[in-house]
Asks: 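Dropping the structure in here first, questions after.
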Amino acid sequence: MNTIFTLADVEKIVYGDKKINLAELPMDKVAECYDFLEKFSADKIIYGINTGFGPMAQWRIDDADLTALQYNIIRSHSTGAGEPLPDECVKAAMVARLGTFLQARSGVHPDLVKLLVEMINRDILPKIPQHGSVGASGDLVQLAHLALVMIGEGSVHYHGEWRPAAEVLRENGLEPFRIHIREGLSITNGTGVMTGVAMVNQFQAEQLLDWATLAAVMMNEIAGSFDDLMAEPLNAVRRHEGQQVIAARMRMLARDSQCLQQREHQLYNGNHTETTFDHKVQPYYSLRCVPQILGPIYETLLNCRRVLEEEVNSACDNPIVDPETRNVYHGGNFHGDYVSLEQDKVKIAMVRLVMTAERQLNYLFHDRINGILPPFLNLGKLGLNYGMQACQFTATSTTAECQTLAMPNYVHSIPNNNDNQDIVSMGTNTALLTRRVIDNVWQVFSIQYIALAQAVDCLHIADKLAPISRQVYRQVREICPVFIEDTPFYEDFRNVEAFLRHQQLKLD
């Protein structure tokens with residue numbers, strides 16, 4: 001099988017200006033597969049070519065109706081509901097569908113691939129509603145909305161406006177696709193939407209992990225922690241890759257910090273006679289156990305990246321057309337279990353991430369716990385001013401919603417389709433729930449980074465921070481200056497969130 005897209009490629013296509021070069025694609029293989037199917041199917045019964053779909057596969061379709069059959073599955077399954085998917089998810093889903101066709105196991109006409117490439121490159125993005133997929137036979141409903149646009153029907157988001165697909169295609173000199181053999185089923189049958197949403201989730205989850213790692217370093221700088229929590233000898237003796245990676249990243253971020261303390265200088269010098277210590281010998285778990293908490297999250301994302309890269313380069317429709325063995329195989333490559341299970345893991349990992357951030361916020365706000373900061377980072381008059389007291393309400397309630405959403409969705413199979421689909425993955429629902437959690441985490445992180453900046457100012461330690469910590473502190477302060485008097489925060493939250501989303505740390 002062909003590896004056409006790495007996740008790095010997809011990220012550049014979705015967020016950057018990378019265009020797909022048709023000349024670099026294995027179009028000869030696509031044409032070969034189509035030619036084989038055209039000849040092979042002439043005198044055989046093949047699902048979805050001359051039979052009905054799903055539980056109606058027992059009905060043979062007359063030769064005169066074969067083309068109508070393909071249009072019918074597109075139109076009849078365009079039944080999505082709810083808000084349209086965001087542009088980035090739609091574009092990623094289109095790339096995922098393209099990745100399947102380029103495996104040259106779908107039997108589609110090369111013109112279908114050419115049109116899909118043009119739509120991706122020109123940002124002609126179909127209106128795909130969020131609700132409708134049960135994740136097997138893949139994303140039938142959502143992908144039908146993609147197919148609807150490709151045949152010149154439905155709506156597209158183009159240059160920021162919703163417009164009729166036929167009008168936008170014509171404006172771009174593109175012809176709607178004409179059905180040849182089985183393209184209606186091929187477009188709608190597969191895991192493209194759940195994979196597209198999951199890939200967007202992956203990019204953001206990896207970014208959030210980077211911000212969480214930096215936040216943890218800044219938290220320990222503010223607390224004046226001993227730096228051995230991230231020491232290589234300590235973390236090396238617990239044999240988990242993720243823990244060791246996070247500890248190494250923390251050491252890199254903390255380099256040249258004047259805030260962290262060395263245990264060998266402070267506690268191992270033989271000069272202590274006191275019976276109690278003003279400075280904590282070990283900080284709270286949300287500060288001290290960061291490599292152990294974020295390490296499993298790192299490994300979860302690493303495995304999900306592998307699965308998604310395999311999925312976007314897989315033939316995930318049905319049946320599979322194989323010109324090499326001269327056969328057509330019927331099975332269930334459209335089943336979304338791989339994506340659904342990984343998205344549940346990522347969702348749970350992101351909930352753990354935000355729980356850690358919420359506990360770190362509590363440390364910053366709770367003067368009797370930290371012992372060095374005013375209540376709620378309040379630089380005004382206590383009792384008259386409230387600092388970030390109410391900000392904690394938002395962080396706590398948003399974290400609580402994430403905890404509710406942490407329940408695995410992969411286990412929520414409901415039989416349907418006359419029990420033809422008797423066990424389904426719910427992969428797209430899982431990916432969308434994961435996306436909701438990720439959006440929540442961004443909101444809590446915006447509050448956390450404002451609180452980190454305020455704590456730095458309370459202690460007057462900006463010049464002692466590690467260089468990366470100091471740079472981010474200054475960038476946050478450009479958006480949200482130090483505050484003494486009470487002020488509304490909701491605009492600051494939104495602006496800091498936008499900064500975090502668009503500023504890449506890239507700790508790899």
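Because the structure is a prediction, the values reported are computed rather than measured.
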Asks: Given the ring of Phe40, does Lys44 sit roughly above its face, with NZ or CZ under 6.0 Å from the centre of the six-membered ring and within 45° of the axis?
Replies: yes
Asks: Take the angle between the ring planes of His109 and Phe177 and call it parallel below 30°, perpendicular above 60°, tilted in between.
Replies: tilted
Asks: Report the distance from atom CG of Leu433 to atom CG of Asn409, rounding to the nearest 0.5 Å.
Replies: 5.5 Å
Asks: If you count heavy atoms of other groups shown closer than 6.0 angstrom to NZ of Lys19, is the number above 12?
Replies: yes
Asks: Considering residues at least two apart in sequence or located in another chain, which fulfil the salt bridge (charged side-chain N to carboxylate O under 4.0 Å, His left out) criterion with Glu38?
Replies: none
Asks: For Asp9, which residues count as a salt bridge (charged side-chain N to carboxylate O under 4.0 Å, His left out) partner, sequence neighbours excluded?
Replies: none
Asks: Only one of Leu116, Asn121, Leu102 passes side-chain contact (heavy atoms from CB on, under 4.5 Å) with Ile20; say which it is.
Replies: Asn121
Asks: So, Thr430 versus Ser340: side-chain donor-acceptor pair below 3.5 Å or not?
Replies: yes
Asks: How close do Ala395 and Glu358 get, heavy atom to heavy atom, and via which atoms?
Replies: O-CG, 4.4 Å
Asks: For Asn440, which residues count as a side-chain hydrogen bond (donor to acceptor under 3.5 Å, both in side chains) partner, sequence neighbours excluded?
Replies: Glu401
Asks: Ignoring hydrogens and geometry beyond distance, is a side-chain donor-acceptor pair present between Thr213 and Asp210 at under 3.5 Å?
Replies: no
Asks: Taking the side chain as C-beta and beyond, is there a heavy-atom pair between Tyr158 and Leu125 under 4.5 Å?
Replies: no
Asks: Regarding Arg122 and Asn172, do their side chains bring together a donor and an acceptor under 3.5 Å, going by distance alone?
Replies: yes
Asks: Between Asn235 and Gln243, do the side chains contain an N or O donor and an N or O acceptor separated by less than 3.5 Å?
Replies: yes
Asks: Quick one: list whatever passes salt bridge (charged side-chain N to carboxylate O under 4.0 Å, His left out) with Arg305, sequence neighbours left out.
Replies: Glu206
Asks: Can you list the residues that meet the ring pair (Phe, Tyr, Trp, His ring centres under 6.0 Å) rule with His335, with sequence neighbours excluded?
Replies: none
Asks: Sort and list the pairs that fulfil salt bridge (Lys or Arg N to Asp or Glu O under 4.0 Å) and have at least one residue in residues 306-318, not counting sequence neighbours.
Replies: Arg182-Asp317, Arg306-Glu310
Asks: In sequence, state the C-alpha distance, the side-chain angles, and the governing distance for Arg170 and Glu167, and then conclude on salt bridge (charged side-chain N to carboxylate O under 4.0 Å, His left out).
Replies: CA-CA 5 Å; Arg170 185 168 55 251; Glu167 181 181 294; 5.2 Å; no
Asks: Could you list the residues that satisfy side-chain hydrogen bond (donor to acceptor under 3.5 Å, both in side chains) with Asn189, not counting sequence neighbours?
Replies: none
Asks: Please walk me through it: do Val193 and Leu85 pass side chain to side chain contact (heavy atoms under 4.5 Å, CB included)?
Replies: CA-CA 10 Å; Val193 172; Leu85 289 171; 3.8 Å; yes
Asks: Dump the intermediate steps for side chain to side chain contact (heavy atoms under 4.5 Å, CB included) on Lys127 and His157, then the final yes or no.
Replies: CA-CA 7 Å; Lys127 185 175 187 178; His157 203 218; over 6 Å; no
Asks: Restricting to non-hydrogen atoms, name the atom on Ala406 and the atom on Ile348 that form the minimum distance, rounded to 0.1 Å.
Replies: O-CG1, 3.6 Å
Asks: Quick one: side-chain hydrogen bond (donor to acceptor under 3.5 Å, both in side chains) partners of Arg501, sequence neighbours excluded?
Replies: Gln204, Asp439, Glu497
Asks: Using only atom types and a distance under 3.5 Å, with no angle test, would you say the side chain of His180 pairs donor to acceptor with the backbone of Val108?
Replies: no
Asks: Going by the salt bridge (Lys or Arg N to Asp or Glu O under 4.0 Å) test, which pairs reach into residues 134-154, not counting sequence neighbours?
Replies: Arg75-Glu153
Asks: For Gly152 and Ala166, work out which heavy atoms get closest and say how close.
Replies: O-CB, 3.3 Å
Asks: What is the ring orientation for Phe489 with Phe493, classed by angle as parallel under 30°, tilted 30 to 60°, or perpendicular over 60°?
Replies: parallel
Asks: Are Arg163 and Glu171 ion-paired here, with the side-chain N under 4.0 Å from a carboxylate O?
Replies: yes
Asks: Which residues pass the salt bridge (charged side-chain N to carboxylate O under 4.0 Å, His left out) test with Glu342, not counting sequence neighbours?
Replies: Lys345
Asks: Distance check, rounded to the nearest 0.5 Å: Phe334 atom CZ versus Met194 atom CE?
Replies: 10.5 Å
Asks: Tell me the closest heavy-atom pair linking Ser133 and Asn429, and the distance in Å.
Replies: O-OD1, 4.0 Å
Asks: Are there more than 12 heavy atoms of other residues, nucleotides or ligands under 6.0 Å from atom CD of Gln504?
Replies: yes
Asks: Using ring pair (Phe, Tyr, Trp, His ring centres under 6.0 Å) as the criterion, list what pairs up with Trp59, not counting sequence neighbours.
Replies: none
Asks: Taking ring pair (Phe, Tyr, Trp, His ring centres under 6.0 Å) as the definition, give me every residue that meets it alongside Tyr410, ordered by chain and number, with sequence neighbours left out.
Replies: none
